[in-house]
Amino acid sequence: MASHIVGYPRMGPKRELKFALESFWDKKSSAEDLQKVAAGLRSSIWKQMADAGIKYIPSNTFSYYDQVLDTTAMLGAVPPRYGWNGGEIGFDTYFSMARGNASVPAMEMTKCHFIVPELGPDVRFSYASHKAVDEYKEAKALGVNTVPVLVGPVSYLLLSKPEKGVEKTFSLLSLLRKILPIYKEVISELKAAGASWIQFDEPTLVLDLDAHQLQAFAAAYADLESTLSGLNVLIETYFADLTSGAYKTLIELKGVTAYGLDLVRGTKTIDLIKTNFPKGKFLFAGVVDGRNIWANDLASSLGTLQALEAIVGKDNLVVSTSCSLLHTAVDLVNETKLDDEIKSWLAFAAQKVVEVNALAKALAGRKDEAFFASNATAQASRKSSPKVTNEAVQKAAAALKGSDHRRATNVSARLDAQQKKLNLPILPTTTIGSFPQTLELRRVRREFKANKISEDDYVKAIKEEIKKVVDLQEELDIDVLVHGEPERNDMVEYFGEQLSGFAFTVNGWVQSYGSRCVKPPIIYGDVSRPKPMTVFWSSTAQSMTSRPMKGMLTGPVTILNWSFVRNDQPRFETCYQIALAIKDEVEDLEKAGINVIQIDEAALREGCLLGSPSILSTSNGQSTPSGSLTVIHTHMCYSNFNDIIHSIIDMDADVITIENSRSDEKLLSVFREGVKYGAGIGPGVYDIHSPRIPSTEEIADRINKMLAVLETNILWVNPDCGLKTRKYAEVKPALNNMVAAAKLLRTQLASAK
């Protein structure tokens, strides 16, 4: 009986790591306090898996921020601006790379939620973090012999970018020979400590790689082969199918014992296994979904495993998760308010560990009949439940035509009409939506939800907060205002709570990045909008000012990608249903006199993870059928948009605001290379995820770089993202400098005429 878990959530069932991190960052607790919380979480995770009967338990999947950043620390690949002088990397350097500090900006973060390594030909790598070895020893001292996990050397380089000043054409894979000696040191220390298995995560194998990139995998593991001698080596991939070329490369790697494959989203990979699987090798079969919270169909998975067993051999098949359970909530036991029937359809990380072991036992001839029978009952309940189906919604989605995905007027005509109506200055200023969520504001929402204050008191408090935000923006002389979203807990949960077909957890937290956690809604059925969701608050805010007030909506793709989505119908069908609900809200906002509406698509690329953005077409236009006088903004953040810029243009928004500053203005390179963009665009002028306050001169310089490649009449000035996580002491001076920079450049442009 063999079972394996790729990785496990690290925040803790009650977000213990989040609170410990934020306390440490706020200087309210010590490094030792943070390390104590972390050690307690690691210990409980290892013990939980051991008690459940898991044979191959991972270590070094815990992280204070993310595993790619941990690998950067292990390799000593610290950009010079952080002033690191060698030795073991401590929290100061580590968190400065992740978050920036008062004087130095953070490294880029992608929407896959890792800090992007910055590499070049002159980087001096050194073994600077012994975390992998330390955590293996820590588990061993507790009586748990784990499988230490490392981000594979080739994936690490393929997920990196050339550092500033290095040509884009620089081959990051040329650094392979420089980083492999450090991997060898780590491997040697793990062997000396008693490790018998080691896991290399190589998720980039699922990308469409060229021959040179595939050859890098072969070269890397051939070089490591002698060092790995005596160890069982598992190469783990996930998130998609392997191409036939990547599969051939994988099974021919030198010194490798086992292959971990995602058989949930990589269903075509099963055909490759059937065609050719190396004799004597192990298959770690990822049949339990690590990216969703639906209970596994145990009977179906067991059938898949039995078919694979006939190919790879009884003793060479290991039951596993499709990827790390990091992407799921922690434990269903903590959910006391979910509908009992819906709850029976679910499995969080703790329950998935049990599912993996139950499948392994069944495969070994020790099937728990009662557990399988209960699972079958839940599967049948979900298929037949009236909670799932809404015939009217299905008909509306099915009736969509091609013209429903496009706006009726062209963008240049719309922009002219909108400018005549709003009369905005050149380089108009705005923010992305949210303003700081203070402790007092959170208390008000919490007490209202717990029925400790009346609805009248709640509405009064929220109106006062909106008035404060509106007054501040007018004082700063911002051109297009927002209401600050004080009534919203989360940009997806807020809408999900008002849409049918959604369920909500109490403790279903999932790490987004760093200490930020989200509580994704569960889309269990057909989606519709029973009544308006934002009109009251947007109308209230607009009544407080004569300046344009943005109506703020979350877009259908982001709601989809930041929810746990039903897996009993294609994702695009669910996305269309959400889009139709948002379309209804857009129309009601227009009727209420809101002339600017922002539809956030912050997670546009996220459902794609490492692969291609196949969901993009479902965002194009169908939630925004507005008239030509309504200005439709959309916002996107923290991702590589260069390769999908034409799909973004096809979305046909009037203005896109998009992350730009933290990624070192990478977005602007698209326009330098000749892409023509005729609508409004607001590349972010400063990074809101860092406490650092940019100067007026710095922001003006950034705007000037934008003006070198974009027309003056289409450029907007705004931060990278919403201000929810910042403090007012940071927000006020940063926005003041932003507005001052815009005014300075307006004056210069007017003088130049």
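In this chain, residues are counted from 1 in sequence order.
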Run the numbers on V6 and V149 for side-chain contact (heavy atoms from CB on, under 4.5 Å), then give the verdict.
-> CA-CA 9 Å; V6 177; V149 179; over 6 Å; no
Start with the C-alpha distance between K449 and E497, add both sets of side-chain angles, then the distance that settles salt bridge (Lys or Arg N to Asp or Glu O under 4.0 Å), and finish with yes or no.
-> CA-CA 12 Å; K449 201 165 189 177; E497 285 174 340; 3.5 Å; yes
Between T634 and E601, does a side-chain hydrogen bond (donor to acceptor under 3.5 Å, both in side chains) hold up when you go through it step by step?
-> CA-CA 6 Å; T634 189; E601 287 293 11; 5.9 Å; no
Test side-chain hydrogen bond (donor to acceptor under 3.5 Å, both in side chains) applied to D526 and Q577, step by step | CA-CA 7 Å; D526 292 330; Q577 293 178 1; 3.1 Å; yes
Residues E202, T237; criterion side-chain hydrogen bond (donor to acceptor under 3.5 Å, both in side chains); working and verdict | CA-CA 5 Å; E202 294 281 14; T237 74; over 6 Å; no
Carefully, step by step, assess T534 and R488 under the rule side-chain contact (heavy atoms from CB on, under 4.5 Å).
-> CA-CA 10 Å; T534 66; R488 303 185 190 185; 3.6 Å; yes
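Every side chain to side chain contact (heavy atoms under 4.5 Å, CB included) that Q48 has, sequence neighbours left out, goes to Y8, A350. Evaluation of the side chain to side chain contact (heavy atoms under 4.5 Å, CB included) rule for P570 yields F572, E573 as partners, not counting sequence neighbours. F62 pairs by the ring-ring contact (aromatic ring centres under 6.0 Å, His included) definition with Y64, not counting sequence neighbours. In this structure, F502 has no ring-ring contact (aromatic ring centres under 6.0 Å, His included) partners at least two apart in sequence or on a different chain. Evaluation of the side-chain hydrogen bond (donor to acceptor under 3.5 Å, both in side chains) rule for N60 yields K131 as partners, not counting sequence neighbours. Take N334 and apply the side-chain hydrogen bond (donor to acceptor under 3.5 Å, both in side chains) test, not counting sequence neighbours, and it matches no residue. Residues satisfying the ring-ring contact (aromatic ring centres under 6.0 Å, His included) test with H4, not counting sequence neighbours, are F284. For D584, the side-chain hydrogen bond (donor to acceptor under 3.5 Å, both in side chains) criterion is met by no residue, not counting sequence neighbours. Residues satisfying the side-chain hydrogen bond (donor to acceptor under 3.5 Å, both in side chains) criterion with R443, sequence neighbours excluded, are E440, E447. Residues satisfying the side chain to side chain contact (heavy atoms under 4.5 Å, CB included) criterion with V354, sequence neighbours excluded, are F371. Under the rule for a side chain to side chain contact (heavy atoms under 4.5 Å, CB included), the partners of S344 that lie at least two apart in sequence or sit in another chain are A378.
Residues Q437 and R445 bring a donor and an acceptor atom of their side chains to less than 3.5 Å of each other. The closest side-chain donor-acceptor pair between R10 and Q511 falls under 3.5 angstrom. Side-chain contact annotation: Y238 with D201, donor-acceptor N/O pair under 3.5 Å present. Looking only at atom types and distance, the side chain of S434 has no donor-acceptor partner in the side chain of E485 under 3.5 Å away. A donor-acceptor contact closer than 3.5 angstrom links the side chains of Q598 and K550. Residues N357 and S3 bring a donor and an acceptor atom of their side chains to less than 3.5 Å of each other. No donor-acceptor contact under 3.5 angstrom links the side chains of T657 and N718, judged on distance only. Between S381 and W345, the side chains place a donor N or O and an acceptor N or O closer than 3.5 Å (distance only, hydrogens not considered).
Without hydrogens or angle criteria, S322 side chain to G290 main chain gives a donor-acceptor distance under 3.5 Å. Of the possible donor and acceptor atoms, none in the side chain of S320 sits under 3.5 Å from a partner among the backbone N and O of I5. For the pair S44 (side chain) and L41 (backbone), a donor-acceptor distance under 3.5 Å is present. Of the possible polar contacts, none joining the E22 side chain to the F19 backbone as a donor-acceptor pair under 3.5 Å is found. For the pair S690 (side chain) and D687 (backbone), a donor-acceptor distance under 3.5 Å is absent. Proximity of a side-chain donor or acceptor of T71 to a complementary backbone N or O of Q67 within less than 3.5 Å is detected. Between the side chain of T321 and the backbone N or O of S324, no donor-acceptor pair lies under 3.5 Å. Checked by atom type and distance alone, the side chain of K519 pairs as donor or acceptor with a backbone atom of T505 at under 3.5 Å. For N296 (side chain) and V287 (main-chain N/O), a donor-acceptor pair under 3.5 Å exists by modelled atom type.
Between E587 atom CD and I597 atom CD1 the span is 9.5 Å, to the nearest 0.5 Å. Taking CG of N507 as the reference point, atom CG of D331 lies at 9.5 Å (rounded to 0.5 Å). Taking CE of M491 as the reference point, atom OG1 of T554 lies at 4.0 Å (rounded to 0.5 Å). The distance from the CE atom of M651 to the CD1 atom of I599 is 8.5 Å, given to the nearest 0.5 Å. Here the OG1 atom belonging to T558 is positioned 12.0 Å from the CG atom belonging to L553, to the nearest 0.5 angstrom. Here Y494 contributes atom OH and N489 contributes atom CG; the two are 9.0 Å apart, rounded to the nearest 0.5 Å.
Nearest heavy-atom pair across I453 and V444 is CD1-O, 3.7 Å. When every heavy atom of Q351 is checked against every heavy atom of L332, the shortest pair comes out as OE1-N, 3.0 Å. Of all non-hydrogen atoms in G551 and I594, the two that sit nearest each other are N-CG2, 3.5 Å. Heavy atoms only, all atoms of each residue included: D720 and H635 are closest at O-CE1, 2.9 Å. The two residues S528 and V393 have their closest heavy-atom pair at CB-CG2, 3.6 Å. Closest approach of A329 to V510, counting heavy atoms only: N-CG2, 3.7 Å.
Sorted by first then second residue, the salt bridge (Lys or Arg N to Asp or Glu O under 4.0 Å) pairs that include residues 340-355, not counting sequence neighbours, are E341-K387.
Ring-plane geometry between Y65 and W25 is classed as tilted, the angle between the planes lying from 30 to 60 degrees on a 0 to 90 degree scale.
For the pair R529 and D588, the salt-bridge criterion is met [side-chain N within less than 4.0 Å of a carboxylate O].
At least one test fails for R566 against the ring of W294: distance under 6.0 Å to the centre or angle within 45° of the axis.
In this structure, F435 has its ring center no closer than 6.0 Å to that of H483.
For the ring-ring contact (aromatic ring centres under 6.0 Å, His included) with H327, the lone residue among F239, F348, W562 that qualifies is F239.
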